[in-house]
**Q** 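Right, I'll just put the structure down here and ask away after.
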Amino acid sequence: MMKTPGKIWLIGAGPGDVELLTLKAVRALGEAQVWLVDDLVNPEIAQFALPGTRIIGVGKRGGCRSTPQGFINRLMARYARQGQVVARIKGGDAMLFGRGGEEVAYLQERGLSVEVVNGLTSGLVGATRAGIPLTHRDYTRGVTFVTAHAQDHSEPDWAALAATGTTLVIYMGMSRLSSIQAGLRAAGLPAEMPAAVIERAASPDERVLVTSLGLLAREAQLGGYASPAVIVVGEVVALATVREAELRRCWARCA
Ligand code: SAH
């Protein structure tokens, strides 16, 4: 006889600090017998596991050793069919550049029960850590979350993005900072447009660089900024509260 299928919680763990987990996420984590965890998730999350929980790392960083998506999908389905409660845990929010939609579709097509729990996305948390109010109404009418990394390796439509006049929060952009800078400059944004990089937001080794669009790629390279980091471009970045401290640190490093 078939076992009653379990269910899958698709949980956004937020970036870095485990205190950014929602209460709902913590409750769902505590119900699950199996965890499938992405590698941007803070390992301290393990404190919320039931005793005996099977915790499986299924990281997939661009370019590095990775677990194929199809394998992760099959694992989730297999455990749920065995009647287990599965927690699929992703960094940030599972539905923002996290392939959450693809995993939900896969599970639903197989008649499995899946429920999504939002997490705080790294763009929001990173901006706040830097003191940047993403939609301050004196400066902009909105914010655009965009990935610099398209599946077909094409460039984002920088002209269209610049034309929105919204604050841009760019994910997965650290390996192509020069082309982001060039694209946005060519789209008419001035070299003086404030820009920031927030690396490892909300983790103990978080770093923030506040600069301008014209200096973005060079300063980030000098400071050794790397993935995972979000890039924020827009007038609101002028309000960043970390500016002085970071500039001093950068001068010390770059001198
Ligand atoms: N679902 C995630 C995004 C996954 S895509 C979210 O909502 O945050 C991976 C990208 O997210 C990275 O390339 C980087 O741009 C960003 N990112 C993830 N964790 C981060 C962190 N702690 N600090 C800054 N950026 C982060």
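Start at 1 and go down the list; that is how both ligands and their atoms are numbered. Just so you know, these numbers use all the heavy atoms, side chains as well, and skip hydrogens, waters and symmetry mates. Note that the structure is a prediction, hence the values are computed from the model and not measured.
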**Q** What protein heavy atom sits nearest atom 20 (C) of ligand 1, and how far off is it?
**A**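 Of every protein heavy atom, S122 CB, 3.5 Å lies nearest to atom 20 (C) of ligand 1.
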**Q** For atom 21 (C) of ligand 1, grab the closest protein heavy atom and report residue, atom and distance to one decimal in Å.
**A**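 Checked against all protein heavy atoms, atom 21 (C) of ligand 1 sits closest to A201 N, 3.5 Å.
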**Q** In plain terms, say whether E31 and R27 are close enough for a salt bridge, that is, a side-chain N and a carboxylate O under 4.0 Å apart.
**A**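 Yes.
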**Q** Taking NZ, NE, NH1 and NH2 as the nitrogens, is one of them in R200 or E206 under 4.0 Å from a carboxylate oxygen of the other?
**A**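 No salt bridge links R200 with E206.
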**Q** What atoms in ligand 1 come closer than 4.0 Å to a heavy atom of L40?
**A**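 Atoms satisfying the 4.0 Å criterion: 18 (C).
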**Q** Should the pair K90-E103 be classified as a salt bridge under the 4.0 Å nitrogen-to-oxygen rule?
**A**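 Yes, this pair counts.
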**Q** What residue pairs, at least two apart or across chains, pass ring-ring contact (aromatic ring centres under 6.0 Å, His included) with a residue in residues 154-191?
**A** F97-Y171
**Q** Find all atoms of ligand 1 within a distance of less than 4.0 Å from any non-hydrogen atom belonging to T121, and give their numbers and elements.
**A** 6 (C), 7 (O), 8 (O)
**Q** Nearest 0.5 Å, what's the CG-CD1 distance between L21 and I45?
**A** 4.5 Å
**Q** If you have a sec, work out which protein heavy atom is nearest atom 11 (O) of ligand 1 and how many Å separate them, to one decimal?
**A**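 The protein heavy atom lying closest is Y171 CD2, 3.5 Å.
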**Q** Please write down residue, atom name and distance for the protein heavy atom closest to atom 3 (C) of ligand 1.
**A** L96 O, 3.6 Å
**Q** Between K24 and E115, is there a salt bridge with N-O shorter than 4.0 Å?
**A** yes
**Q** Would you mind listing every ring-ring contact (aromatic ring centres under 6.0 Å, His included) that reaches into residues 112-137, with sequence neighbours excluded?
**A** H136-Y139
**Q** Does E206 approach ligand 1 within less than 4.0 angstrom via side chain, backbone, both or neither, non-hydrogen atoms only?
**A**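 None of E206 does.
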**Q** Who's the nearest protein heavy-atom neighbour of atom 10 (C) of ligand 1, and how far?
**A**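 Ranking protein heavy atoms by distance from atom 10 (C) of ligand 1, first comes M172 CG, 3.8 Å.
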**Q** Find all atoms of ligand 1 within a distance of less than 4.0 Å from any non-hydrogen atom belonging to I198, and give their numbers and elements.
**A** 24 (C)
**Q** Among all protein heavy atoms, pick out the one at the shortest distance from atom 4 (C) of ligand 1; state its residue, atom name and that distance to 0.1 Å.
**A** F97 O, 3.3 Å
**Q** Could you go through the side chain to side chain contact (heavy atoms under 4.5 Å, CB included) check for K7 and L112 one step at a time?
**A** CA-CA 7 Å; K7 76 176 278 182; L112 296 164; over 6 Å; no
**Q** Just need the protein heavy atom nearest to atom 2 (C) of ligand 1, so name the residue and atom and give the distance.
**A**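 Result for atom 2 (C) of ligand 1: G91 O, 3.3 Å.
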**Q** Do you know which of V58, I56, I55 makes side-chain contact (heavy atoms from CB on, under 4.5 Å) with W35?
**A** I55
**Q** Regarding atom 25 (N) of ligand 1: of the candidates G16, G173, A229, S203, which has the closest heavy atom?
**A** A229
**Q** With a cutoff of 4.0 Å, is K90 in contact with ligand 1, counting heavy atoms of the residue only?
**A**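 Not so, K90 does not reach ligand 1.
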**Q** Counting each atom of ligand 1 from 1 as listed, which ones have a heavy atom of P15 under 4.0 Å away?
**A**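 Those atoms are 22 (N).
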